[in-house]
Each structure stands twice: as structure tokens, then as C-alpha cells.
Q: 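Quick one: the structure is below, questions incoming.
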Amino acid sequence: MHAESAVRAPLIYGNKTYHQITEDICRPIESKPTRLFMITITFTALLMTWGLFMIGWTVWFGIGEWGLNRTVDWGWDITNFVWWIGIGHAGTLISAILLLFRQKWRMAINRAAEAMTIFAVICAGLFPIFHMGRVWLIFYNLPYPNSRGPLWPNYNSPLMWDVFAISTYFTVSLLFWYTGLIPDLATVRDRAKKKLSKFIYGVLSFGWTGSAKHWQRHEALSLVLAGISTPLVLSVHTIVSFDFATSVIPGWHTTIFPPYFVAGAIFSGFAMVLTLMLVARKVMNLQQYITLEHIESMNKIIVLTGSIVGSAYITELFVAWYSGNIYEQYAFSNRALGPYWWAYWGMMTCNVISPQLFWVRSLRRSVWFTFFMSIIINCGMWFERFVIIVTSIHRDFLPSSWSYYTPTYVEISIFAGTVGLFLTAFMLFAKTMPVIAMAETKHILRISGDAQKKAAAAHSHSHEDLPGSIQVH
Amino acid sequence: MNETFNFTSRLKTISIVLMLIGAASLAGGFVVYSGDEINRVWANLLLDSVFFMGIGMGAAFFIAAVYLAWGGFSVVFKRVPEAISQWMPIAALILLLVLIAGHGNLYHWTHHDAMEHDPILKGKEPYLNLPFFFIRFAFFVGALVICTIFLRKTSLKEDTMAAGDTSMYKRSLVIASVFIPFFAVYILVTAWDWLMSLDPHWYSTMYGWYSFASFWVTSIAVITLFTIYLKKQGYLKEVNVNHLHNLGIMMFAFSIFWTYVTFCQFMLIWYANIPEETIYFQHRYGHYKPLFYGIFILNFVLPFLLLMSRDAKRNMNRLILVACIIIVGHFIDFYLMIMPATIGDNNGFGFLELGLPCLYIGLLLYVVFSSLAKAPLVPKNHPFLQESIHNSL
């Protein structure tokens, strides 16, 4: 027996039956693409193509096409890399960690968030790869017995750990996402009318029949993958933070970096989930599945992780002063008051101050305000990485080599191109695959559906001993 | 559902005997140790006060965090962390007395001439000065004590409300949302003040979260022990193996969290190898080496292996064993934060180290058991009560 308190709002509205859930979620896949969809995806695909062209340009003419200089050797490239990797955190967090916390509201958003994770990690991976310059030597990163004599990757380097961490994370996230998709793809296959789509979804669903044995194996695999992904979510951004924190550069070398990077990553990941899902729920008519409850829960996570990040900023600032180390103190005063002051204050406003507005319940439940805030946070987290990377290194220990960095149009275009890639991939996913995990949503219908909750509340009133709760036998 | 705890005279005797043992060893400490050695008594007083304060504060945080997260699982044994949190104001008072009386022996920066001849310490004077030190104590601890008292009051009042009335639940949510921001700053500021400033030159941004991880997992272990004790005594009939499983998961997860922050702090300092930072571990490495490695075994390896399987988390005796390991391990962790900075290599494990905690344990038991006896063991009218009773994993 399972019980759910009456104070918890329903997670599925509109008196849904199991069949209606299938209908609602499959409809966007089965209907013809709208004009709006075609226009938007053309635009994002063009943007992506332009970015890819500029990547080709970089490979052809070299890294000199970027604005990097001798002092600032990490600029927009690594900023964008960390930004995208951070965005790629929400998916696995929702699937794995919210699963451990038994948060039922994750069902409505986990599929889309996982897909987003994968696309974001792809975008992220492009930056360090092409920042290498001679990209055709990328295989030097791989540890294998080679013909280059005793030349092995440097295992002491956190950059090397990053290669392993991110590729592992990508692999597991992909498996996790796809494993969850299999039963839903089979549903789409069974409903498909055209021969071709029946064939494609048939191949994609690996011959799923929905037998008890299939479900048993599916659940066992999901559990194992959830177990593996939980430490992975934490490890990826931890290791990204090591890229900076293992150094001796003031502003980079600080022990709080690992957990603070993880919190920041979750913060930005949820902001991106909100940006995408608030549009998707409107366009695809999913308001009854992605309810205000869901939005409010995500906003609570945003205010929590935003405050963790804020307390880390303040800790860093305080300890820089407290340390008595003049280089440390200068790094921080230079952040706030130096030539890149605008990035620092942009970061502080977007990440620390504005999310505090989510303490107000009505703002947490306002769709427009949430959408606006999600954009603000995406910008703020970009500023954060820019502040950490560029302002910490543009004035190094030798004042004669101090410099100022501005990106060139090539770097800006590559970044815009990854945004195009991300949106194109997400739209293709939303058009061809169920954006909401159908099978899992059906699991919670009996407990968290609005009609079911109402019926159970009425039922429990006849049982004096069970006040205000819903029971399912 | 209407069970109340009976604080038997046997339990009263046990806790009073423990208090007497502790008081005797404290008095013994002041007699035996004189001159420079007296610092050992003060260091132990600080260690026990901070450690046991953390247990109470962690329990209060448990309640507030569960409210804000809309957690339902813990309602049936909610009175346990509630009772432990009632110990926190008393622990705070003891800590305050220790700090007032012992700051000169404990904190190098409180000596005026030390500050004058040390430009680094001089630079920290706007923060490290006694009036501000006690103002911070009063502000953060005071705010949290008030919130804790109100959380308890509201919870007891909820029992007397009409069925289905959620007004007290909503009030608790408000109090919890005041508690949490204060707590977030409390864990940073008090870690800097009470512990990090023992090594006044040294600094680490992780330190606040590191010491929080330590007292928080200890607190969960203590909640688990009390819950199982009550269960074994025949109380808390609604608490079943699923609730214990949840507590087991929390001990497991936060042991890993502690390891994560501890290892990251250590690794980053080791890797960068900056003398101003490595000095902290230098002091904790030579003479303290067995303990330094020991805490990783006690606080990570053992909880990790012993609680790995599902069955282990559903086994009371296993949970008792791991909870005890965690409590001892984190006591040593705090020992390692305090002793090398205060008494250097003149440490030891004698009657004082073993006896003094008895004073705190006795007081803790007395306060917790008498708080448990004051109210029904299972809250009534809590909106998540049924969820908690039918909790399953």
C-alpha cells in the first residue's frame, strides 16, 4: 500500500486515462510539423552550419583566428566549454538523484532533461577539441600502447582526467536516456501508420514487446545505470573544477571549487531545462503534465543551488581578504573593480541576487517570470565562467604581460553555432521522440492524477482513521 | 498512536552517573594538568562542546530541511530529531561558557602582543577580535536557537489542532525557511571562528562545508541510534524497516559527502603544494598520522562497505554498528581539527579524553529523554503522517 498526502498537489491534470496519456504525448510525433517549427528549425540549423563553418575556419587558419593572446590563453573557448558542461548536469541529476530522493515530479521532465544533457555535452566537447589547434592529433589524448616511444598522456594532469570524466559521463548519460526511451519508442512503433516509420521505430525499440521479462531486465538495467550515474554527475564538474583549482593561480586555486562547481552546474542545468520546457509545454500543449507544481519545484532547486553558489562566492571573497595573501586579495579586487568589472557584477546580479526573488511563492509559480529568470541565470552562469577564467589570468604575476582579451567574430560564431546545434538537436528530438517519459508517467497516474487524488480523498473521508491522505491498495 | 515515552529512573541514573564521571574527569583534568598543560583541558572542552553542539544543530537542520523539501518519510520518528534539537540551546550555552573562559588558552589571535608582532594576524584584526567574535556567536546561534524552539512549539501545538488543520504545518514551513539561510551562514562563520581560527594563519574556502559534513553525518547517526533504541524498547510501533532504510541511506550518502569534501580539500592543497596551505596537513601528518588515515577508514571505508547492500540498511544491528563507527570517527575528525592547533604534539588519549565526553553524553541523554517524555512519540495531524506510516522502499 502506498499513501500520498492531500497537501501535495496533483502532478497530472485533466482527468487523464492511460490511453489519453499515450495520445497526448504521441500527438506531436504523429502530426505534421507546423510552419512555426519549420521556420525555427531552419533558423537554428543555419546557425549551426555557420558555427561549423567557423570551426572549419579555425582548423584551417589556426587558433590565431581567435582573440587569445599570450596571457589570456583560455577565453571564450573554455568559458563556453564549462558553461555547456554545466548545462549538461540537470538531466542526469533529475534522473538519478531525484530518483534516489523519490521525487515524483521528475517524471514529467526527466526525458527532455536527459536529451538536453546529451546535446549539451556534445556542444561542450567541441570547445576543448578545437582549442587543441592541431585537432588531427586528438588521439594523443587516448592512452594506448603507441609507436611514439614512451610518450603517454600525463595522468597527473586534471585536463587528462577531464577527458575520461566527460567521455564516461557522456556514455552513461546516453545509455541511461536510451534505456528509458525503449518502451516509449515501442509504443510509438505500435501506433505508427506508415510502413517506414514503423520500421524505423521498430529498429530503435530493439524489438521490445513489453513482456514481463523485458520489464524486469529494463528495470534492473535502469537501476544499475542510476547507481553509476549518481557519482558521475558529481564527478564531472568536480573534475572540471580541478582544471582550475589544482593550479597556483590566485582566483583559481581555492578548495571550495569542487562542490561549488557542482552546485553551479545544477543551477544552470535547471535554468536551461526551464528555458526549453516552458516553451515546449506551450507549443506541444503539455501544460497538464508539466504543471505549475513542476515549475515551482524546479524554481526551489534554483533558489537552493543559487544560494549555495552565492555562499561560495562570498566565502571566496571573504577568505581572499582573510588570507592576508596580497595576490589573492588583488585577484578578487581586480574581479570586482578591474577592467572586467561588468562581468563580475553581471554574475553577482544574475546568480546571487535575482534568484532570491524565488523565495516569493507567486513568482515561483509565474510562468513568464520563471522564463525570464531562466534566461537571466543562463547569462549569469556564463558570466561566472568568464569571470573565473579570464579575469583570473589577464593580469598575471608579471605586470609587463598584463593584457585585455576580446573575442573575435570567429569565437562568437562558434559559440552561436553550438547554440544552434543544441536547439536543432533538441527540436529534432522533440519532434521524433516522446518528450515525456510515457511509461513512467503512467506509473504515477494512480497516485498523483487529479481525478484519482480527488476520488481517494472522498474515499478516505469515509475512513475516520486516515485523515487527509490518499491510499492506493 | 498515543504512545508516550517513559523516562525511567534507571535511565535517569545512567545519565546522571555519566555526567558525574565527566565532571570528575574535568575536575581531575584541572588538578592534574597545570602550567602549559592546562591547554589540554581547554582543548578537550572545546572539542566536546563543538562536537556535541553539532549533533544538536544537525538535528535541528534535519527537521528544517525535511520541512522545506516536503519530505514525508520522517514524520513517524520526527520527535527524535526534535528532542535532540532541544539539546542544542544547552550545548550552545556550554560552548559559550567554554569560549568565554578559555579563549585565551585556545586562540592565539586573542593575545594582543601576538597580533602586534605579526602583520598577517594584524590584517585579520577587523574580523578576529573578541567583541566581534562573540557578536557573531550571539547573532547566528541566537537566531537558530529561537527558530529551533519555535519549530518544537509549533510541532507540539499541531498535536492539539483539529484533524486536517494544516495551519501549524504552514507555520513550520515559514520557520524552517528562516532557519535555513541562517544555518547556511552559521556553518561557514562558526567553522571559521571556532575551528579554523585555531590555526590563525591558515585558510581554506572548503573549511565550512567540511566541518558541516562532519557534524551533519554524526547527527544522522545519533538520530538513528535514538530511533533504534526507542524501537527496541517497544516504542515507535509505526517505525518499520523502511524508515531505518532511509536513515541508512542518509548515513551512507553523507559519509560519502564527507569523504568528497575532505578529499577535495586535501587533494587540492596537496597538489598545489603552497607552503602556507600545506602547513595544516603537515601538523596533522607526522605525529597524528595513524588518526589522519584512521578517519578515512572509520568515516568512509567502513560505512561504505558495511552499508552498501540493501539488506544491511534494513538491519538494526548493522545500523547501530555503523552509527557508532561514524560517531567515533567524526569525533576523531574534530579531534584532528582542534588538537594539533592547540596542544601540538602533547596530545594523548587519557582519562580526560575518555571521561569528558561522558559529561556531554549524560547531559545529552538527559535532555533528549526528558524532551521525548514531554510529548506523544508520534506527532498527530501532520499532513504527511500517513505517507510516513506507509513509507516503502
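Hydrogens, waters and symmetry mates play no part in the numbers below; they use all other heavy atoms, side chains included. Reminder, nothing fancy here: chain letters follow the sequence lines and each chain counts from 1.
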Q: Would you mind checking which part of A:Ile314 comes under 4.5 Å of any heavy atom in chain B, side chain (CB onward), backbone (N, CA, C, O), both or neither?
A: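 For A:Ile314, no heavy atom lies under 4.5 Å from chain B.
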
Q: Can you say whether B:Asn273 sits under 4.5 Å from chain A via the side chain, the backbone, both, or neither, judging by heavy atoms?
A: neither

Q: Does any heavy atom of chain A fall under 4.5 Å from the side chain of B:Ser204, the backbone, both, or neither of them?
A: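 For B:Ser204, heavy atoms of backbone and side chain both lie under 4.5 Å from chain A.
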
Q: Which residue out of A:Thr255, A:Asn156, A:Val319 racks up the most heavy-atom pairs below 4.5 Å with chain B?
A: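 If we count pairs closer than 4.5 Å to chain B, A:Thr255 comes out on top.
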
Q: Tell me, side chain or backbone of B:Trp70 under 4.5 Å from chain A's heavy atoms, or both, or neither?
A: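 Looking at B:Trp70, backbone and side chain both touch chain A.
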
Q: Would you mind checking which part of B:Phe257 comes under 4.5 Å of any heavy atom in chain A, side chain (CB onward), backbone (N, CA, C, O), both or neither?
A: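 No part of it gets close to chain A.
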
Q: Are a donor atom and an acceptor atom from the side chains of B:Asp199 and B:His283 found within less than 3.5 Å of each other?
A: no

Q: Within the side chain of B:Glu387, is there an N or O that forms a donor-acceptor pair under 3.5 Å with the backbone of A:Ser5?
A: yes

Q: Given a strict heavy-atom distance threshold of 4.5 Å, which part of A:Val303 is in contact with chain B: side chain, backbone, both, or neither?
A: neither

Q: Heavy atoms only, distances under 4.5 angstrom: which of A:Thr230, A:Leu234, A:Thr254 has the most pairs with chain B? Name it, please.
A: A:Thr254

Q: Assess, by modelled atom type and distance only, whether the side chains of B:Asp311 and B:Ser309 contain a donor and an acceptor separated by less than 3.5 Å.
A: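 Result is no, nothing qualifies.
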
Q: Could you tell me whether A:Glu440 and A:Arg106 have a side-chain N and a carboxylate O separated by less than 4.0 Å?
A: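 Yes, charged N to carboxylate O under 4.0 Å.
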
Q: Which bit of B:Leu121 is near chain A, if near means a heavy-atom gap under 4.5 Å: side chain, backbone, both or neither?
A: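 Neither part.
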
Q: Under a 3.5 Å distance rule, please check whether A:His253 uses its side chain to pair with a backbone N or O of A:Ala245 as donor and acceptor.
A: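 Yes, A:His253 side chain to A:Ala245 backbone: donor-acceptor pair under 3.5 Å.
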
Q: Quick one about B:Ser172 and B:Thr154 (side-chain donor to acceptor, distance below 3.5 Å, no hydrogens or angles considered), yes or no?
A: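 No, B:Ser172 and B:Thr154 have no side-chain donor paired with an acceptor closer than 3.5 Å.
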
Q: Shorter than 4.5 Å, heavy atoms on both sides: which option in B:Val261, B:Ile274, B:Thr205, B:Ile249 has the most such pairs with chain A?
A: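 Heavy-atom pairs under 4.5 Å are most numerous for B:Thr205.
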
Q: Under a 4.5 Å heavy-atom cutoff, which of A:Ser323, A:Gly324, A:Pro231 has the most pairs with chain B?
A: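 Ranked by contacts with chain B, first place is A:Ser323.
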
Q: If you count heavy-atom pairs under 4.5 Å between each of A:Phe101, A:Phe242, A:Phe318 and chain B, which one has the most?
A: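 So the answer, after comparing A:Phe101, A:Phe242, A:Phe318, is A:Phe318.
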
Q: Just say parallel, tilted or perpendicular for the rings of B:Phe61 and B:Phe183, cut-offs at 30° and 60°.
A: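 Ring orientation, 0 to 90° scale: parallel.
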
Q: Determine whether the aromatic ring centres of B:Tyr260 and B:Trp209 lie less than 6.0 Å apart.
A: no

Q: Which bit of A:Ser247 is near chain B, if near means a heavy-atom gap under 4.5 Å: side chain, backbone, both or neither?
A: backbone

Q: Which one, B:Glu276, B:Met267, B:Met196, leads in non-hydrogen pairs under 4.5 Å with chain A?
A: B:Met267

Q: Is the terminal nitrogen or CZ of B:Arg136 (NZ for Lys, CZ for Arg) located under 6.0 angstrom from the six-membered ring centre of B:Phe132 and within 45° of that ring's axis?
A: yes

Q: Given a strict heavy-atom distance threshold of 4.5 Å, which part of A:Phe257 is in contact with chain B: side chain, backbone, both, or neither?
A: neither

Q: Identify which of B:Ser388, B:Ser177, B:Ala184 forms the greatest number of heavy-atom pairs closer than 4.5 Å to chain A.
A: B:Ser177

Q: Please determine, by modelled atom types, if A:Arg335 and A:Ser392 share a side-chain donor-acceptor pair under 3.5 angstrom.
A: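 The criterion, which ignores hydrogens and geometry beyond distance, is satisfied for A:Ser392 and A:Arg335.
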
Q: Any carboxylate oxygen within less than 4.0 angstrom of a Lys/Arg side-chain nitrogen, looking at B:Lys122 and B:Glu116?
A: yes

Q: Contact part of B:Pro181 toward chain A, heavy-atom cut-off under 4.5 Å: side chain, backbone, both or neither?
A: side chain

